Peer 1: 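If you scroll down you'll find the structure; I have some questions about it.
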Amino acid sequence: MISYGRQWIDKADIKAVTQVLESDWLTQGPKINKFEQKLARYCGAKYAVAVSSGTAALHLAYLVAGLRAGDEVICSPNTFVATTNMLLVVGAKPVFCDIRLDTYNLDEQKVEKLISKKTKAIVPVHFSGQPCEMNTILRIAKKHHLLVIEDAAHALGARYQGEKIGSLSSDMCIFSFHPVKSITTGEGGAVLTNNSRHYKKLLSLRSHGIHKNKLGKNVMADLGFNYRLTDFQSALGISQLRKLGRFLKDRHSVVQWYEQELNSLNQVILPRELPRNYSSWHLYVVRVKNPKLRDRLYKFLRRRGIGVNFHYPAVYSHPYYRRHGFAAFALPNTEIYQKSCLTLPCYPTLARSQIRYISRTIKSFFRSYERTA
Ligand SMILES: *Cc1c(COP(=O)(O)O)cnc(C)c1O
């Protein structure tokens, strides 16, 4: 099965990890700082705090932002559930904003009318690696005194109008290093910020809320967690970060090949990068014009070893959300999108021949459908 995404691990990665395994420090050693410095420098942020997952990164960012019961947070329903699950964990209420039908990101034009007295933050998700319209979002946030926390789990290496995602005109930006993301540490994540108070609080909450006082004694001042990344994971992160440029280039090649193969196929809508932006192409999502055929195409491709997927069923459509305040909730563009989207395989090691096979199989589906219709 050609999966929709996968990691690329080479000998240098393996060596970096085994070196740490043979050293004195498996965790809380020197590698984590180094990884954080390199990540912050790559993105152009002042501080990075590496944690055990993207979900942990979201949890800490929300806590540090001071989000709590009674607060409302505007976000996109087209995301992985962790984005809003962590809002529920801190007691805040997700307020879902409809998406645009060109980038499938939250529609910045629809944000302002969702703002109430309880609104505290906006959480833009750079879906599939396409940057959200940040200038507008930041302008709205400033006008209404809201925090902006970017879920950039898909977008390490992406650029908004020439600026790297993570270079932060927002308050915080989170990344994930799960194996399907831009780079991997197995499990892992990070919060980036330019705010030194946020930075100190993130460090504290990552490790039980404990810090050393002036006398060198360990004291617990915040109610924290163990959300630490290990040193061997950090070593993998450092090694992977060196190859990020290559990974991104390869993902762009995959997209170009799909465009060469599928541009002329008028039964599907291909995703497009907005002119001034650079996508990290975490996901390659097409839309099937006739949504009635989407599930049939999904099965057809799966039976032929092509691991297509759905990103995402709207967060509010999951049973848990249906039971917790979103029973009959629906947004028009999100509904159109979630019934027609299909994620095709996209990762750096995909070969031209595999893209040809996937594209040919898609075309043969539509041909056989048209013959029988
Ligand atoms: C992957 C992902 C996360 C969570 O990251 P984990 O490292 O898997 O915990 C959060 N948000 C989005 C949009 C993601 O794709």
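All values reported here derive from a predicted model rather than from experimental measurement. Atoms within each ligand, like the ligands themselves, are counted from 1 in listed order. Numbering of residues begins at 1 and proceeds along the displayed sequence.
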Peer 1: Enter the distance from N105:CG to H154:NE2 here, rounded to the nearest 0.5 Å.
Peer 2: 10.0 Å
Peer 1: Looking only at protein heavy atoms, identify the closest one to atom 15 (O) of ligand 1 and say how far it is in Å.
Peer 2: H154 NE2, 2.7 Å
Peer 1: If we ignore angles and hydrogens, is there a donor and acceptor under 3.5 Å between the side chains of Y227 and H59?
Peer 2: yes
Peer 1: Establish, for the pair R294 and F310, whether the NZ or CZ atom is under 6.0 angstrom from the six-membered ring centre and no further than 45 degrees off its axis.
Peer 2: yes
Peer 1: Is it the side chain, the backbone, both or neither of A153 that has a heavy atom closer than 4.0 Å to ligand 1?
Peer 2: side chain
Peer 1: Relative to atom 2 (C) of ligand 1, which among K181, H178, H311 owns the nearest non-hydrogen atom?
Peer 2: K181
Peer 1: For ligand 1, which part of E187 has a heavy atom less than 4.0 Å away: the side chain, the backbone, both, or neither?
Peer 2: neither
Peer 1: Specify the protein heavy atom at minimum distance from atom 11 (N) of ligand 1: its residue, its atom name, and the distance to 0.1 Å.
Peer 2: D151 OD2, 2.8 Å
Peer 1: Taking only non-hydrogen atoms of A57, do any sit less than 4.0 angstrom from ligand 1?
Peer 2: no
Peer 1: Please verify the inter-ring angle class for F329 with F96; under 30° counts as parallel, over 60° as perpendicular, anything in between as tilted.
Peer 2: tilted
Peer 1: Only heavy atoms of T83, strictly under 4.0 Å: list the atoms of ligand 1 that pass.
Peer 2: 11 (N)
Peer 1: Among all protein heavy atoms in this structure, tell me which lies nearest to atom 5 (O) of ligand 1, with the distance rounded to 0.1 Å.
Peer 2: S176 OG, 3.3 Å
Peer 1: With heavy atoms of G188 as the reference, note each atom of ligand 1 found under 4.0 Å away.
Peer 2: 7 (O)
Peer 1: Geometry only, no angles: is G54 polar-contacting ligand 1 at N/O separations under 3.5 Å?
Peer 2: yes
Peer 1: Return the CH2 to CZ distance between W8 and F247, rounded to the nearest 0.5 Å.
Peer 2: 6.0 Å
Peer 1: Go through ligand 1 atom by atom and flag the ones less than 4.0 Å from a non-hydrogen atom of T79.
Peer 2: 13 (C)
Peer 1: Assess whether a salt bridge exists between R206 and E36, defined as any Lys/Arg side-chain N lying under 4.0 Å from an Asp/Glu carboxylate O.
Peer 2: yes
Peer 1: Do we get K31 above F232's six-membered ring, with its NZ or CZ under 6.0 Å from the centre and within 45° of the axis?
Peer 2: no
Peer 1: Does Y312 approach ligand 1 within less than 4.0 angstrom via side chain, backbone, both or neither, non-hydrogen atoms only?
Peer 2: side chain
Peer 1: Quick one: nearest non-hydrogen protein atom to atom 4 (C) of ligand 1, plus distance?
Peer 2: T55 OG1, 3.7 Å
Peer 1: Show the atoms of ligand 1 that are less than 4.0 angstrom away from any heavy atom in S53.
Peer 2: 7 (O), 9 (O)
Peer 1: Are R304 and F300 in a cation-pi contact, defined as NZ or CZ under 6.0 Å from the six-membered ring centre and within 45° of the axis?
Peer 2: yes
Peer 1: Roughly how far, to the nearest 0.5 Å, is OG1 of T185 from CD1 of I32?
Peer 2: 9.5 Å
